[in-house]
2 protein chains.
Amino acid sequence: MTPADQPRRRGRPTTPLLSQEKITQAAVELTNLRGYAALTMSALARRLEVAPSALYNHVKSKRQLLLWIQDHVNMEIDCSDFGVRPWDVALESWARSYRDAYARHSPLVPVIAVTPIAGSPHTVAMYERVAAGLRAGGWPDDQVMDVVVAVESFVLGSALDATAPDGIFDVPIDQAPALAEVVGARVGRDAARAAFDLGLATVLAGLRDRLKALGG
Amino acid sequence: MTPADQPRRRGRPTTPLLSQEKITQAAVELTNLRGYAALTMSALARRLEVAPSALYNHVKSKRQLLLWIQDHVNMEIDCSDFGVRPWDVALESWARSYRDAYARHSPLVPVIAVTPIAGSPHTVAMYERVAAGLRAGGWPDDQVMDVVVAVESFVLGSALDATAPDGIFDVPIDQAPALAEVVGARVGRDAARAAFDLGLATVLAGLRDRLKALGG
DNA sequence: ACCTGAACACCGTTCAAGT
DNA sequence: ACCTGAACACCGTTCAAGT
């Protein structure tokens, strides 16, 4: 089964230079190295040592490329606790790794929100595991997706917030005294992470209460 | 004080065709009519009956235009309950009108998240009122901004989610049985709103508990 | 000071032509 | 089937020239 065994049609080699995997890989590397502003069909083609138009033999559009990247990023999200640990513990580790992944890929956030998941196999697999885990945890079927979407909304909003520059709320004291005071009262460190931690703890506590109230 | 009273410098009339207010107004109308994809410097100029390059005498860049729109949209957000009703009631009406406003302007969401508020007067005024209201409600200074940012993250994530098409989670049963089941179990209606309602109720309940635990 | 018209650099995408 | 090179439509932005 070496290439030599396969009958060669006359002419050029049949192995294409490009593939979905190669293109996605190169695109992810490019964003990691130079950010999403540098993710251009031209730049991507240059990185793959190919003409820009060659990409269109494999990917339908730049939007589709972004969906490939999204599915790849979703592979990094940790949903392994679902089904093995309590639902709330699993939800917490899922939310944390979800936020961290998209904090590094925030330009994908607006794309996720409006794209059907059906075409993204790893994404479907992730939601399947999350849904099964919440059901097993005692959540009624008709509320599972509401819980998932609510947590996801908080996570994606937090991922955007994580990209905010320091001092985004800085303002002259005389112009907004109360605001200036509470902004100054935050301890130094990572403000976005502190807000995420507070919010996540709040959401989890609220969900536990809600499920308890349902159970009886 | 009619125009005739003002000494005319010789030559052209001194009243400019454009201004920040006129440009912002026209831009908002354009997005309401045809969506953000149609908000182009050319299209905006056409609507104002002016050459595209004329815009740049008033606005630095398209990004700055988006910030003007953002400040204008923030005027629609209702923070009037802060200071007059209990903090949690005010937080709820604020969150609801915030979500609704940005559901209609979702392309602004990624812009908000990373832009200092100082240059947007109405935005600063809004946060000032929210901060003062939470303080008056008993929240300690060093947690006020964490609460604000956490709620805001949920709100903005929900605003993006509100733009999602129906059936975004639809998937073949054999490929993801648990997911297909819980997706099918949702009652018809507005799925995004149901998730937002559940999430908001959860966040508010969690915050009330947290403040109570702090108070003693 | 403010507007016009022409120009620029760059973008995603298409397509005829080659192998 | 897959790649190249040229071309297209459109984008935000700049700038010399006019008044």
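Remember, predicted model here, so these are calculated numbers, not experimental data. Convention: sequence-line order gives letters A, B, ...; per-chain numbering from 1.
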Which nucleotide, [options], lies nearest any side-chain atom of [X]?
X	options	answer
A:Met41	C:dT13, D:dC2, C:dT14	C:dT13
B:Ser53	D:dG12, C:dT4, C:dC3	C:dT4
A:Ser61	D:dT4, C:dT13, C:dC3	C:dT13
B:Lys62	D:dT13, D:dC3, C:dC3	D:dT13
B:His58	D:dC3, C:dC3, C:dT13	C:dC3

Distance, rounded to the nearest Å, where [X] contributes [atom1] and [N] contributes [atom2]:
X	N	atom1	atom2	value
B:Glu49	C:dC3	CD	P	13 Å
B:Leu39	D:dC10	CG	C1'	15 Å
A:Tyr56	D:dG5	OH	P	17 Å
A:Leu55	C:dC15	CG	C1'	16 Å
B:Arg63	D:dT13	CZ	P	11 Å
A:Leu44	C:dC11	CG	P	12 Å
B:Gln20	C:dC2	CD	C1'	17 Å
A:Asn57	C:dT19	CG	C1'	13 Å

*Among A:Glu29, A:Glu21, A:Lys22, which one satisfies side chain to side chain donor-acceptor pair (under 3.5 Å) with A:Gln25?*
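Only match with A:Gln25 under side chain to side chain donor-acceptor pair (under 3.5 Å): A:Glu29.
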
*Minimal non-hydrogen separation, A:Phe169 against B:Glu152, with atom names*: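 So the minimum-distance heavy-atom pair works out to CZ-OE1, 4.0 Å.
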
_Pairwise 5' ranking along DNA chain C for B:Pro52 and A:Ala54, keeping only the more 5' one_ =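 Checking each residue's closest nucleotide, the 5'-ward one belongs to B:Pro52.
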
*Specify whether A:Tyr98 and A:Tyr102 have parallel, tilted or perpendicular ring planes, treating 30° as the upper limit for parallel and 60° as the lower limit for perpendicular.*
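Ring orientation of A:Tyr98 relative to A:Tyr102: tilted.
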
*Could you tell me how the ring of A:Phe196 sits relative to the ring of A:Phe154: parallel (under 30°), tilted (30 to 60°) or perpendicular (over 60°)?*
parallel

*If you measure from CD on A:Glu92 to OG on A:Ser97, what distance do you get to the nearest 0.5 Å?*
11.0 Å

*Any chance you could measure A:Ile77, atom CD1, to A:Asp100, atom CG, to the nearest 0.5 Å?*
10.0 Å

*When you look for runs of 3 or more Watson-Crick or G-U pairs in a row, both distances below 3.5 Å, which of them include DNA chain D?*
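As far as DNA chain D goes, consecutive pairing (with distances under 3.5 Å) yields the stems C:4-8 with D:12-16, C:12-16 with D:4-8.
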
*Reckon A:Thr40 touches a base, only the sugar-phosphate, or nothing at all at heavy-atom distances under 4.0 Å?*
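Sugar-phosphate, no base atom in range.
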
_Any carboxylate oxygen within less than 4.0 angstrom of a Lys/Arg side-chain nitrogen, looking at A:Asp161 and A:Arg99?_
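A salt bridge is absent here (no side-chain N lies under 4.0 Å from a carboxylate O).
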
